[in-house]
Amino acid sequence: MCEESDSTLIARAKDEPEAFGALYQRYVDRIYSYICYRMGNDQDAEDLTARTFYRALDHFNSYEDRGAPFSAWLYRIAHNLVANWHRDHSRRTMIALDDLVLTAPREKGPAVKTETIDREDLLLEAVQRLAPDRQQLIILKHVEGMTNAEIGEVMDRTEGAIKSLYHRALVALREDLADEWDELA
Amino acid sequence: MKAEREATREIEAWADTETIAQALAIRLEGGDDGLTERDLNGEEQAELESLLLMADRLDARMTPRRPSRDFVDSLGRELVQEALRRAKTREKRHRIAVISAAVAGAVVSIASVVGGIVVLVKWLRTRDTQQATAA
């Protein structure tokens, strides 16, 4: 059976809730995967995935199909929620760290901690240290397999700007992993 | 002169970066923007290979993550129920708006008819009074 196009489903979903459910089923895995890489754990990924689709539902009636993929709209919502989450939690973490400095006894030193880090995760940790726009680009390209043009639609930038940003992101990753690069390569 | 040389170096560095960014896109996505790898010098070629190696590592390590089926199913059900609830609320609001408009219209119509009758009665009375006075 021929699968309905996004445009048809979007038009139907304005009146038929089941069509919104079909759009959800179509994109939930990709949105979850994107958020999971940005957040680094399943629980927060589930929470933000749910919030992404609820926000999409809130604003669905004002969504206009202008030819850009529906997924680009969902990725933008997800990106904004992730950015807000990090902004809110960085404030809380700063306070918590201050408390720790004053009260917590020193346990294991950084060297001991570093030994326990799984080598395989070095690359992912380096990706998580990148600036948010670079992280977003790397995830969309390598996890979602999007082209530069598609990423440009999600990030609202030109294809040329995406090419340059991608180049800078790879250089930044290589510099960050300079010490471990031989092992990884 | 020194500033000029620095500016030239900056422009050259920018051009190199752009060339490699372009070459990366061509190698990863195909296509041809008028640039072939023969246009790259040895240094640029080595830089490109190093970045492509990083891209390969990322491809190998960054596989899609899948949510649990329980989560997907339960969120899907919640969303459809919520969408249904909102559709019903919208429909109800629409119905209330239509009924309110109809009632308001009816009230205005009745008021105009009553107003017309009052004006007519007043006019008739005034006319009768004037006729009686004249007689």
Side-chain angles (χ1 to χ4, degrees), chain A residues 13-25 28-37 42 45-46 49-50 53-54 56-58 60-61 120-124 126-127 138-139 141-145 147-149 159-160 162-171 173-174 177 181 184-185, chain B residues 13-31 33 35 44 46-91 93-94:
Chain A
K14 305 255 179 194
D15 301 315
E16 297 170 37
E18 290 77 11
F20 185 85
L23 281 168
Y24 159 80
Q25 292 290 348
V28 62
D29 285 359
R30 287 165 66 183
I31 295 298
Y32 172 86
S33 183
Y34 170 75
I35 295 175
C36 198
Y37 271 102
D42 292 337
E46 286 186 356
T49 302
F53 282 97
Y54 270 102
L57 185 61
D58 288 342
F60 193 71
N61 279 328
E120 276 209 339
D121 289 337
L122 285 173
L123 192 59
L124 294 184
V127 169
I138 292 289
I139 295 167
K141 195 161 192 70
H142 290 283
V143 182
E144 307 304 327
T147 63
N148 289 335
E159 196 177 341
I162 296 297
K163 282 180 194 172
S164 299
L165 185 64
Y166 180 57
H167 175 236
R168 289 199 299 276
L170 289 185
V171 171
L173 273 177
R174 191 180 56 190
L177 292 166
W181 179 240
L184 286 166
Chain B
W14 176 82
D16 288 351
T17 305
E18 286 301 297
T19 308
I20 293 167
Q22 198 79 354
L24 256 176
I26 292 168
R27 277 286 285 270
L28 293 173
E29 290 189 6
D33 291 355
L35 176 86
E44 287 168 341
E47 172 72 357
L48 177 64
E49 291 306 326
S50 162
L51 295 177
L52 284 169
L53 190 60
M54 175 63 80
D56 279 348
R57 288 277 124 200
L58 288 167
D59 263 342
R61 188 67 190 86
M62 299 184 82
T63 49
R65 303 225 175 133
R66 294 280 167 250
S68 73
R69 277 300 108 192
D70 285 349
F71 166 73
V72 172
D73 292 344
S74 93
L75 179 60
R77 272 194 304 273
E78 280 175 27
L79 281 166
V80 171
Q81 274 169 9
E82 181 62 19
L84 271 167
R85 192 188 63 76
R86 289 180 190 197
K88 275 182 190 162
T89 310
R90 264 201 314 275
E91 207 177 294
R93 274 196 204 136
H94 178 72

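Of the two parts of L24(B), only the side chain, counted from C-beta on, holds a non-hydrogen atom closer than 4.5 Å to a non-hydrogen atom of chain A. At a 4.5 Å heavy-atom cutoff, the contact between E78(B) and chain A is made by backbone and side-chain atoms alike. Proximity to chain A is limited to the side chain of R69(B), based on heavy atoms less than 4.5 angstrom apart. Contact of Q25(A) with chain B is made through the side chain alone, with heavy-atom distances under 4.5 Å. Heavy atoms closer than 4.5 Å to chain B are found in both the backbone and the side chain of F53(A). Neither the backbone nor the side chain of F60(A) comes within less than 4.5 Å of any heavy atom in chain B. R90(B) touches chain A through its side chain: at least one heavy atom from C-beta onward sits under 4.5 Å away, while N, CA, C and O do not. Proximity to chain B involves both the backbone and the side chain of V171(A), based on heavy atoms less than 4.5 angstrom apart. Residue N148(A) touches chain B through both its backbone and its side chain, counting heavy-atom pairs closer than 4.5 Å.
Summarising the local packing, NZ of K14(A) is surrounded by more than 12 heavy atoms from other residues, nucleotides or ligands at distances under 6.0 Å.
Using a cutoff of 4.0 Å between basic side-chain nitrogens and carboxylate oxygens, E47(B) and R174(A) are scored as salt-bridged. In summary, R61(B) and D121(A) engage in a salt bridge, as defined by a charged side-chain N under 4.0 Å from a carboxylate O. A salt bridge links E82(B) to R85(B): one of the charged nitrogens lies within less than 4.0 Å of a carboxylate oxygen.
Put simply, CD1 on I20(B) and CG on L170(A) are 11.5 Å apart, with the number rounded to the nearest 0.5 Å. The structure places CG of L48(B) at 11.0 Å from OG1 of T19(B), a figure rounded to the nearest 0.5 Å. Remark: R57(B) CZ to M62(B) CE distance equals 14.0 Å, nearest 0.5 Å.
Between chain B and the options A50(A), A45(A), A13(A), heavy-atom pairs under 4.5 Å are most frequent for A50(A). Considering only heavy-atom pairs separated by less than 4.5 Å from chain B, the leading option among G21(A), S164(A), S33(A) is S33(A). Contacts with chain A were tallied for S68(B), P67(B), A55(B), G76(B); P67(B) has the most, counting heavy-atom pairs under 4.5 Å. Here Y37(A) is the residue among Y34(A), Y37(A), F20(A) with the most heavy-atom pairs under 4.5 Å with chain B. Of the listed residues R86(B), R77(B), Q81(B), the one with more heavy-atom pairs under 4.5 angstrom with chain A than any other is R86(B).
Checking side-chain atoms of S50(B) against main-chain N and O of A46(B) turns up no donor-acceptor pair under 3.5 Å.
Under the 30°/60° scheme for interplanar angles, the aromatic rings of F71(B) and Y32(A) are found to be tilted.
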